[in-house]
Amino acid sequence: MRVCVASTEPGGWLLAPVDEAGLPAAPPRPARDLAALAAAVREAAEQGRSGEDTGGAASAGAVRWVWADTSSVYPALLAAGARVERCHDAALTEALLLGHEGRWGQPRSLAAAWARLTGGEVPADAGPLLPLGHRQGPGDEGDGVQDALFGPDDVPAGAAASGLPTGVDPLDALVAVHRDQQRRVGVARAVSPGFGLLVAAESAAGLAAVEMGAAGLPWRADLHDAVLVEALGPRPAHGGRPSVLRLLAEEIAALLADPRLNPDSQPEVLRALRRSGVIVSSTRRHELRKVDHPAVEPLLRYKELARLHAANGWAWRDQWVRDGRFRPEYVPGGVVSGRWASRGGGALQIPRAVRSAVVADPGHVLVVADAGQLEPRVLAALSGDAGMVAATRAGDLYAEIAAQALGRPEARAEAKLALLSAMYGGGAGSAAPALAALRRRFPAALAVLEDAARTGEDGGVVRSVLGRTSPAARPGWLDGLTDEAAGARARARGRFTRNFVVQASAADWAGVLVAGLRTRLARLGGGGRPELVFFQHDEVVLHVPRALADAAVAAVAGAGVEATRLVLPGQAVTVPLDAVVVESYADKP
DNA sequence: ACAGACCGCGCC
DNA sequence: AAAGGGCGCGGTCTGT
């Protein structure tokens, strides 16, 4: 059963049961306030569970809550103690549908969908919230006003700012848009049979993202400090350069004969290097490594440590870690390929160097699992390339491919580079011979990529396995360009679509994994339930009461098998998803 | 003074 | 012949 949930003007809510097609199934009933809505959600969850116990189909009794936008409704609901099992997020669904219909980029909010449905003026999507990093001024002087105005407490909690024209009943709009979306999902499924699964998984991702943001990633300030002090020296009192960076900067300046040199300034460093007879076109690490000059080694060390300091140093922690938890904001569907994005704190780029600070609370463990070599395995499934599908049974796919295509198991690195080049659109130069060998041994797999690239170069769209669709080229996208520029633009687009089919299908798999995982974790019972605390493209981290560690590992494994079965065609592909139980994120092998 | 581009690097 | 996917973020530089 589905229940549409919309806020009403004085501040309450209306709950309207509808059937799978979105047609009204019972009269709407009111929920006076958030607490009443939370109570309704909890009650429905209990009924759903007892329905399972009495032998009905699993989750047949569970409610799917239909609402405008999970990210605005769910945080308050979760804070009120109501964990939602399933939902239909009209905004996320609208984005998927628009993409599939070739209308990428149109506003995706409920209000926009309503306007399109009724012929009204389509409002632009609300701009993104201020990036979290700009809402709080941690160490900055005198930011109390800033906090009062823009602090998270003051972000409207769903009821406000629907964007609908005045006089339009939000419930009417939601019911109508949902019904229309169900119809359009049906249309999309004729082309992409997995589209219904995609919509369900995307909505589940919206729930998971809010739950992860609320839970936070355990972060031990003392252990983080130990890493920073070891690398940088003691924390500088007034936010200047730590001692290790200061000394390195002086050493570099002396070696390049420029006492005023700022190693953070790329142009200055480039000029100083050239004056010293070092010919480089950039200061990228890869280029500097090729150069023989005494300043290179300290410069590379400076760059590495300066980045640690700037990106994940003390200032970062002051801003992002509260009460032992790192709480970024996750944005499902924030990347065109369906990967999640994040806002604030660089959540999806936590460097290995500081992962030792991620440690389970007392009495808890972390369960960490990542899908090994997901993208090439997905490619095998997409293409049905018999040889590559068979090769996925190997634990190390790259070594297996080196053996099969190159005849040299030891040429793993070469095979990996060639396969990544094929998926990314590179492959000139050193990878070319291995790429040709891959094409001979795995022709169907390479053909999928090359077809996708050609489609992109011609301005067409491509789809993931479940039907997530790449943006269409703008009409006239090559107009006014020289032949050379047009060719470059077209090839760039080809590289994008070439990669899209793999990256987006991998994101399909990962989305279904997360959806299945959170359902399984919810069944692991009571107050000390395992929590999903981190998700990064093909990797999950759970924070788990020690007694439930084995059960959590089993849940991960089960969710992985299910994702492979549901998402990857042919069901013959193996995706290893090895979960390990650790105290610290850094302990993952 | 401020916004936006660019660079370079972290993650997948 | 050469051609390298997706992000977020901090620091510097440039244009206004």
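Quantities reported herein were computed from a predicted structural model and do not represent experimental measurements. Chain naming here is simple, since letters A, B, ... match the order of the sequence lines and numbering starts at 1 in each.
- The side chain of A:K303 places no N or O atom within less than 4.0 Å of a non-bridging phosphate oxygen (OP1 or OP2) of B:dG8.
- Rounded to the nearest Å, the gap between the P atom of C:dG4 and that of B:dC7 is 15 Å.
- The CD atom of A:E539 sits 12.0 Å away from the CG atom of A:L374 when rounded to the nearest 0.5 Å.
- Note on A:R493: nothing from the nucleic acid sits closer than 4.0 angstrom, heavy atoms only.
- Annotation: A:R289, atom CZ; neighbour count of heavy atoms from other residues, nucleotides and ligands within 6.0 Å is above 12.
- A straight line from NE2 of A:H537 to P of B:dG10 spans 16 Å, rounded to a whole angstrom.
- Side-chain N/O atoms of A:Q536 include none lying less than 4.0 angstrom from OP1 or OP2 on B:dC11.
- Within the 4.0 angstrom heavy-atom criterion, no nucleotide atom of any strand lies near A:R498.
- In terms of phosphate contacts, A:R495 brings no side-chain nitrogen or oxygen within less than 4.0 Å of OP1 or OP2 of C:dG6.
- A:R352 has a side-chain polar atom (N or O) that falls below the 4.0 Å cut-off from OP1 or OP2 of B:dC12.
- Around atom CZ of A:R489, no more than 12 heavy atoms belonging to other residues, nucleotides or ligands sit under 6.0 Å away.
- One atom, CG of A:L270, and another, C1' of C:dG11, lie 16 Å apart when rounded to the nearest Å.
- Protein atom CG of A:L348 is 12 Å distant from nucleotide atom P of C:dC7, rounded to whole Å.
- When heavy atoms are screened at a 4.0 angstrom cut-off, A:R284 is found touching the sugar-phosphate backbone but no base atom.
- Atom CZ of A:R284 has 12 or fewer neighbouring heavy atoms from other residues, nucleotides or ligands inside a 6.0 Å radius.
- A straight line from CD of A:E375 to C1' of C:dG6 spans 9 Å, rounded to a whole angstrom.
- One finds no side-chain N or O of A:R491 lying less than 4.0 angstrom from the OP1 or OP2 phosphate oxygen of C:dA3.
- Under 4.0 angstrom from either OP1 or OP2 of B:dG8 there lies at least one side-chain N or O belonging to A:T283.
- Of all nucleotides listed (C:dG8, B:dC12, C:dT12), C:dG8 comes nearest to the side chain of A:R307.
- Between the side chains of A:D396 and A:Q373, at least one donor N or O sits under 3.5 Å from an acceptor N or O.
- The CD atom of A:E268 sits 16 Å away from the P atom of C:dG11 (whole-angstrom rounding).
- Across all strands, A:G345 comes closer than 4.0 Å only to sugar-phosphate atoms, never to a base (heavy-atom distances).
- B:dC9 atom C1' lies 12 Å from atom CZ of A:R289, rounded to whole Å.
- At a threshold of 4.0 angstrom between heavy atoms, the contacts of A:N262 are confined to the sugar-phosphate backbone, with no base atom among them.
- The phosphate of C:dG4 (OP1 or OP2) has no side-chain N or O of A:N499 nearer than 4.0 angstrom.
- Remark: the A:Q349 side chain and the C:dG8 base include a donor-acceptor N/O pair separated by less than 3.5 Å.
- Heavy atoms of A:Q503 sit under 4.0 angstrom from at least one base atom.
- What separates CZ of A:R317 from P of C:dG10 is a distance of 16 Å, to the nearest Å.
- The shortest distance between the side-chain N/O atoms of A:S265 and the OP1/OP2 oxygens of C:dC13 is below 4.0 Å.
- Distance from the side chain of A:P351 is smallest to B:dC11 among C:dG6, B:dC11, B:dG8.
- The environment of A:K303 atom NZ is dense: over 12 non-hydrogen atoms of other residues, nucleotides or ligands sit within 6.0 angstrom.
- Taking atom CD of residue A:Q266 and atom P of nucleotide C:dC9, one finds them 22 Å apart after rounding to whole Å.
- For A:R339 against C:dG6, a side-chain N or O and a base N or O form a donor-acceptor pair under 3.5 Å.
- Once the 5.5 Å centre distance and the 30° plane angle are applied, the aromatic ring of A:Y424 is found not to be stacked with the base of C:dG4.
- With distances taken from any side-chain atom of A:P267 to the nucleotides C:dG8, C:dC13, C:dC7, the minimum falls on C:dC13.
- In summary, the aromatic rings of A:W316 and A:H224 are positioned with their centroids under 6.0 Å apart.
- At a threshold of 4.0 angstrom between heavy atoms, the contacts of A:L374 with the nucleic acid are absent.
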